[in-house]
Amino acid sequence: MKKLLFFLLLPTLSFGQDFPDGLCVVEFNASFNDANKVSWLTKLTDCETKRVDIAADSRWAKEYKIVVVPTLLVLNNNEEVKRFQANIMMTMEATKKEVQDSVDEIVMEAF
């Protein structure tokens, strides 16, 4: 019975649980677009950063409705707060300052 209950609950689990609690900026990209990865991602402050290759694991594209790579999501306790998407050339137009400003705004709202 316990195994049956586990399998019944499995589809309702969120993949977002793989990201840390708190503030996290996640880059969703694909290995075929590695040349256009967000080079300054790890230079963001006051947040965790993660990279996800949706070509290697497509569940992420469905879970977070990723339609273009790279896409940056600012997550606060695994809830999407802000989204930055690439242009038609699959390059990120958002700047480090724009993303950092979003992070800073969330940090300041906590006070």
Side-chain angles (χ1 to χ4, degrees):
M1 182 65 176
K2 288 182 182 179
K3 287 182 182 179
L4 178 60
L5 181 60
F6 174 77
F7 287 113
L8 290 174
L9 292 175
L10 188 60
T12 64
L13 295 176
S14 170
F15 295 121
Q17 294 172 356
D18 289 337
F19 299 124
D21 287 334
L23 202 49
C24 185
V25 178
V26 183
E27 177 190 7
F28 294 90
N29 205 347
S31 52
F32 62 81
N33 193 44
D34 196 49
N36 292 321
K37 73 180 179 183
V38 178
S39 60
W40 43 260
L41 179 71
T42 59
K43 294 178 181 163
L44 295 171
T45 59
D46 298 320
C47 64
E48 298 278 339
T49 58
K50 298 290 181 186
R51 294 186 194 271
V52 175
D53 182 353
I54 65 169
D57 190 346
S58 63
R59 68 183 172 144
W60 299 104
K62 184 176 180 183
E63 175 75 11
Y64 287 98
K65 298 176 176 65
I66 306 300
V67 296
V68 63
V69 291
T71 293
L72 292 176
L73 293 186
V74 179
L75 303 175
N76 192 11
N77 293 320
N78 291 305
E79 295 290 327
E80 182 179 336
V81 177
K82 184 80 174 170
R83 179 180 291 243
F84 300 91
Q85 293 181 304
N87 61 23
I88 195 162
M89 300 300 292
M90 296 195 304
T91 59
M92 181 58 62
E93 290 185 339
T95 65
K96 177 182 176 266
K97 181 181 180 339
E98 289 174 309
V99 177
Q100 186 66 60
D101 285 349
S102 292
V103 168
D104 293 345
E105 185 178 320
I106 295 164
V107 170
M108 292 307 292
E109 287 175 358
F111 288 105

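- Side chains of T71 and R83 form a contact here, defined as non-hydrogen atoms less than 4.5 Å apart.
- In this structure, K62 forms no cation-pi arrangement with Y64, as its terminal cationic atom is not both closer than 6.0 Å to the ring centre and no more than 45° off the ring axis.
- Using a 4.5 Å heavy-atom threshold, the side chains of N78 and D21 count as touching.
- Using a 4.5 Å heavy-atom threshold, the side chains of V103 and L23 count as touching.
- Put simply, the side chain of V67 reaches to within 4.5 Å of the side chain of Q85, judged on heavy atoms.
- The shortest side-chain heavy-atom distance between V25 and E48 does not fall under the 4.5 Å cut-off.
- Contact check for V26 versus C24: side-chain heavy atoms found under the 4.5 Å cut-off.
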For side chain to side chain contact (heavy atoms under 4.5 Å, CB included), just list the numbers for N29 and D34, CA-CA rounded to whole Å, side-chain angles, deciding distance to a tenth of an Å, and then say yes or no. CA-CA 7 Å; N29 205 347; D34 196 49; 5.5 Å; no
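- From N87, atom CG reaches atom CE of M92 across 9.0 Å, with rounding to the nearest 0.5 Å.
- With values rounded to the nearest 0.5 angstrom, C47 atom SG is found 10.5 Å from N76 atom CG.
- When every heavy atom of F84 is checked against every heavy atom of A94, the shortest pair comes out as CD2-CB, 3.5 Å.
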message: If you apply the rule side chain to side chain contact (heavy atoms under 4.5 Å, CB included), what do you find for E27 with K50, and how did you get there?
response: CA-CA 6 Å; E27 177 190 7; K50 298 290 181 186; over 6 Å; no
query = Do F32 and M90 pass the side chain to side chain contact (heavy atoms under 4.5 Å, CB included) test, and can you show the C-alpha distance, the side-chain angles, and the key distance before you say yes or no?
reply = CA-CA 11 Å; F32 62 81; M90 296 195 304; 4.1 Å; yes
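- Distance check: K96 NZ to D101 CG gives 10.0 Å after rounding to the nearest 0.5 Å.
- Note that CD of E63 and CD1 of I54 are 13.0 Å apart. Values are rounded to the nearest 0.5 Å.
- The structure places CG of L44 at 7.0 Å from OG1 of T49, a figure rounded to the nearest 0.5 Å.
- Heavy-atom minimum distance, R59 versus D57: NE-OD2, 2.8 Å.
- With F19 as the partner, the side chain to side chain contact (heavy atoms under 4.5 Å, CB included) test is satisfied by one option alone out of L73, N77, L75: L75.
- Between V74 and I106, the closest side-chain pair of non-hydrogen atoms falls below 4.5 Å.
- Two residues are said to be in side-chain contact when any heavy atoms from C-beta on lie closer than 4.5 Å; P70 and N33 meet this criterion.
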task = Give the C-alpha distance, both sets of side-chain angles, the deciding distance and a yes or no for side chain to side chain contact (heavy atoms under 4.5 Å, CB included) between V38 and L72.
result = CA-CA 9 Å; V38 178; L72 292 176; 4.1 Å; yes
